[in-house]
Amino acid sequence: MSKKSLIASSIVGAMALAGSNFASAASLNELQNGEAAIVKASAKSQTKINNIYDQTQELLAEYRTVVDETENLKVYNDHVQRLVNDQQAGIDSLVRQIGTIQETKKGVVPLMYKMIESLEQFVELDIPVNLKDRTERLARLNDVMSRQGISVAEQFRLVLEAYEIETDYGSMFSAYQGDLEFEGTNITVDFVHMGRTVLVAQSLDLKNAWIWEHSSREWKALEDEYLSPITKAIRMARKQTAPDLVKLPVYAAGAGE
């Protein structure tokens with residue numbers, strides 16, 4: 001081989017080696033670029049995974065909240081249903097009661113008329129305590145019974161109230177002013193009574209006194225010895241003086257017969 005050929009071969013060999021080095025460097029760059037792309041893709045995938053995980057946790061929390069709310073709503077709905085059932089039972093009861101109102105009225109109204117009639121007879125036969133107020137009250141009851149727009153319940157309440165007032169007279173100690181008719185003369189007096197045991201009266205000038213005699217149903221004049229006790233009793237009943245023992249006349253049963 002000639003020297004020229006040897007030089008040419010050397011040049012070719014050197015170029016081949018250089019080409020081989022260039023090829024290796026290119027492959028290394030491609031490998032590095034590939035790894036970088038893989039790392040980048042891996043990081044991107046991890047980011048997506050993280051996002052998906054976060055979303056999953058949020059959805060899980062929302063699901064649990066919805067489940068809790070659903071349970072609460074179920075409990076509340078059950079509670080409301082019980083209230084509705086109870087209200088319906090009340091409505092059904094009212095409907096049944098309304099259906100019997102007319103029948104109830106048919107029994108109560110005649111009863112009230114009988115009660116008022118009995119009360120009128122009682123007042124007429126009783127000692128004449130607050131007779132003016134009692135007769136006016138009976139007149140109002142009869143007026144109420146004949147007026148429209150007043151419920152049966154209100155009418156019945158007024159009748160019972162009148163009975164309660166009449167009952168109170170049996171234990172009441174009170175004094176009031178009114179008119180007394182004695183021997184054809186109308187006299188303004190102070191009345192005082194202790195329940196239905198005694199009813200006495202005294203003229204406003206404190207000079208005359210009377211007692212109601214129930215057996216004869218008339219007023220009887222009293223002796224002067226009773227003037228001071230009756231005056232004291234009137235003041236006690238009006239709370240103008242302290243309570244104390246007082247001597248008042250009382251007709252015994254059968255007296256005067």
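For reference, positions follow the sequence shown, starting with 1. None of these values were measured; they are calculated from a predicted model.
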With clusters defined by side-chain heavy atoms of hydrophobic residues (ILVMFWY) lying less than 4.5 Å apart, directly or transitively, does [Y] cluster with [X]?
X	Y	answer
Val250	Met236	yes
Leu206	Leu248	no
Val144	Val108	yes
Phe173	Ile211	yes
Leu131	Phe122	no

Just wondering, do [Y] and [X] contact through their side chains at under 4.5 Å, heavy atoms?
X	Y	result
Arg217	Trp212	yes
Val198	Ile127	no
Asp190	Gln177	yes

Point to revise | Which residues share a side chain to side chain contact (heavy atoms under 4.5 Å, CB included) with Ala209, sequence neighbours left out | key: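 Side chain to side chain contact (heavy atoms under 4.5 Å, CB included) check on Ala209 returns Leu222, Leu227, Ile230.
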
What are the two closest non-hydrogen atoms of [X] and [Y], and how far apart are they?
X	Y	result
Leu111	Phe156	CD2-CE1, 4.4 Å
Ala221	Trp210	CA-CD1, 3.8 Å
Ser174	Ala237	C-CB, 3.7 Å
Val200	Pro249	CG1-CG, 4.3 Å

Find the distance between [atom1] ([X]) and [atom2] ([Y]) and round it off to the nearest 0.5 Å.
X	Y	atom1	atom2	value
Leu119	Met115	CG	CE	8.0 Å
Glu161	Leu141	CD	CG	8.5 Å
Thr188	Leu180	OG1	CG	9.5 Å
Met194	Ser171	CE	OG	13.0 Å
Tyr226	Lys247	OH	NZ	5.0 Å
His214	Leu199	NE2	CG	10.5 Å

Check your understanding: For the side chain of Arg134 and the backbone of Pro128, is there at least one donor-acceptor N/O pair under 3.5 Å apart?
Key ->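 No, because the side chain of Arg134 does not come within donor-acceptor range (under 3.5 Å) of the backbone of Pro128.
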
Practice item. Look at the side chain of Tyr169 and the backbone N and O of Asn130, then say whether any donor-acceptor pair between them is shorter than 3.5 Å. Key: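 Checking the backbone N and O of Asn130 against the side chain of Tyr169, no donor-acceptor pair under 3.5 Å is found.
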
Review point. Only one of Leu160, Leu158, Val152 clears side chain to side chain contact (heavy atoms under 4.5 Å, CB included) with Met112; which?
Key: Val152

Point to revise | Candidate pair Arg196 and Glu166, rule salt bridge (charged side-chain N to carboxylate O under 4.0 Å, His left out), full reasoning | key: CA-CA 11 Å; Arg196 291 184 167 89; Glu166 289 296 328; 3.6 Å; yes

Check your understanding: Partners of Tyr176 by ring pair (Phe, Tyr, Trp, His ring centres under 6.0 Å), sequence neighbours excluded?
Key -> Phe191

Exercise for review: Sorted by first residue and then second, give each salt bridge (charged side-chain N to carboxylate O under 4.0 Å, His left out) pair with at least one member in residues 111-124; sequence neighbours left out.
Suggested key: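 Sorted result for residues 111-124: empty, none.
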
Return the set of residues passing salt bridge (Lys or Arg N to Asp or Glu O under 4.0 Å) with [X] (not counting sequence neighbours), or none when no residue passes.
X	result
Arg147	Asp143
Arg235	none
Asp244	Lys232

Exercise for review: Under the side chain to side chain contact (heavy atoms under 4.5 Å, CB included) rule, what do Ile187 and Leu204 come out as? Steps first, then yes or no, please.
Suggested key: CA-CA 9 Å; Ile187 307 168; Leu204 299 184; over 6 Å; no

